[in-house]
Protein chains: 2
Amino acid sequence: MTTKRRILDTATTLFNNATTGEVSTNHIAEAAGISSGNLYYHYPNKEAIIRAILEQMFDDFGEVWVLPHDRKVTLTDVQNTMSRLFEVLWRFRFFYREQLALMRRDPELSTRHQQMQGQRIGEQEQFFLRFVEDGVFKVPEDPSHFRAIITACWVIANNWLSFVETSGEAVEPAQLERGVNLIFRVMEPYLSEAALATQATLRGERYDQAHSNQTAVAKQP
Amino acid sequence: MTTKRRILDTATTLFNNATTGEVSTNHIAEAAGISSGNLYYHYPNKEAIIRAILEQMFDDFGEVWVLPHDRKVTLTDVQNTMSRLFEVLWRFRFFYREQLALMRRDPELSTRHQQMQGQRIGEQEQFFLRFVEDGVFKVPEDPSHFRAIITACWVIANNWLSFVETSGEAVEPAQLERGVNLIFRVMEPYLSEAALATQATLRGERYDQAHSNQTAVAKQP
DNA sequence: GTCTATATCGCGATAGAC
DNA sequence: GTCTATCGCGATATAGAC
């Protein structure tokens, strides 16, 4: 692994475990096993490191919203996509903890992130439209209402891990699933009848796995 | 105004306009028109200042969830409460920008905030139950589902202003209203028929009676 | 590319006069 | 209560040898 790369990985780990303010370039260099001078040979300053990490995160997001083109998508595809999304959010959680502070300190980061976010939101809209096409979601009578729900899901997704952390709960991969479920709850009223049936089945299965000696409880209409 | 108080107000303003990391105790003292030494006479350190501000925010939250006891509550009461909530969130927005970083740096702040959040969430649940009682919300068949929606609204409320800011839009009082509307959208499927009609009237929108067996409302072309 | 050594700066915090 | 003066520290960043 190149030194440039090791710096990024080390920094990401340190940032995730502390705050960007507490992690100095000296700390990063030490943890990466190189000298401070060497670190500055590769990156002009800490902000440049953060920006480089952000680019990597952006690349990873690109792989989140992919859907199969050879078949109709189902509710399970939504679920898997959400899981992928949360996994990336988890890997770069430090960024979402301090997002606005970081953006304020570095206008360049701010601009770049706005571009990224715009693109991501666009991808997400396309994503949901595909599910409308394939009959997972009801066809929205009011597009602005539909967009509002997407925005709501967006806000929840991006802030779920932070919410867990502020509640004093340990932030573990298991919590990612709770976030996925929460988003499902918000989307539920907009699912088609067919998708709702699928969901009941899925949830029953999950329930079975969690409490294997009990029977799944299916909600009665 | 006492010096102690002026320090808090000045600090709040500075924090809102920059980040807590950029605002040093020297800056606060200077902006408050006192010496650094004097500042340290009143507060032992910057963290204590932030904690004091947080206590003030907590007090302000206490006034948000009050509801009239002499009459039934309506959808308008939800709206007004949300507006009050957003107003407080706006006044102390610096805290929500850096919440987790601040909590990590100061365990005492972290503990206190968790108490506060627990209490606030409790208040919010009571709040919504009142609206169920008074027929604004449908009686939930599944309490856990209801709680999930409340959690969703909580996450959205606390992060809406940050979302606006990260999108690069100016954060103005007008944006507060958009946040209120977004939360309404999420709650909409859980409103009673009666409340839905009220909402349509409030907004001056057409009420599509597709699922209504109540009095017809004039449709606009 | 990588190191050591060092310059510079400002922050947090305290001492002591008034 | 308020000020001035100051110390210690650690962070960012650079210079120059190898």
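Per chain, numbering begins at 1; letters A, B, ... match sequence-line order. Source: prediction; values computed, not measured.
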Within less than 4.0 Å of OP1 or OP2 of [N], is there a side-chain N or O belonging to [X]?
X	N	result
B:Ser36	C:dA13	no
A:His42	C:dT2	yes
A:Ser24	D:dG10	no
B:Tyr41	D:dG1	yes
A:Asn38	C:dG1	no
B:His27	C:dC11	yes
B:Asn45	C:dG12	no

- [ ] Using a 4.5 Å cut-off on heavy atoms from C-beta on, say whether the side chain of A:Met187 contacts that of A:Cys153.
- [x] yes
Rounded distance in Å - [atom1] ([X]) to [atom2] ([N]):
X	N	atom1	atom2	value
B:Arg105	C:dG12	CZ	P	11 Å
B:Lys46	C:dG12	NZ	P	5 Å
B:Asn26	C:dA13	CG	C1'	10 Å
A:Glu22	D:dG10	CD	C1'	14 Å
B:Ile28	C:dG10	CD1	C1'	15 Å
B:Leu39	D:dT4	CG	P	14 Å
B:Glu47	C:dC11	CD	P	16 Å
A:Tyr43	C:dG1	OH	P	12 Å

TODO: Over 60° means perpendicular and under 30° means parallel, so classify the ring planes of B:His113 and B:Phe95, tilted if in between.
DONE: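 Tilted.
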Task: Residues B:Phe131, B:Phe127; criterion ring pair (Phe, Tyr, Trp, His ring centres under 6.0 Å); working and verdict - done: CA-CA 7 Å; B:Phe131 285 86; B:Phe127 176 84; 4.8 Å; yes
- [ ] Among the candidates C:dT2, D:dC3, D:dT12, find the nucleotide nearest to the side-chain atoms of A:Tyr40.
- [x] D:dT12
Open item on the list: Within the 3.5 Å criterion, strictly below it, is a donor on A:Tyr40 or A:Thr25 matched to an acceptor on the partner's side chain?
Closed with: yes
TODO: Answer yes or no: is there a donor N or O on one side and an acceptor on the other, between the side chain of B:Ser167 and the main chain of B:Glu169, under 3.5 Å?
DONE: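 No; zero donor-acceptor contacts below 3.5 Å.
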Open item on the list: Classify A:Thr25 by what it touches in the nucleic acid, base, sugar-phosphate, or nothing, heavy-atom distance under 4.0 Å.
Closed with: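 Touches sugar-phosphate only.
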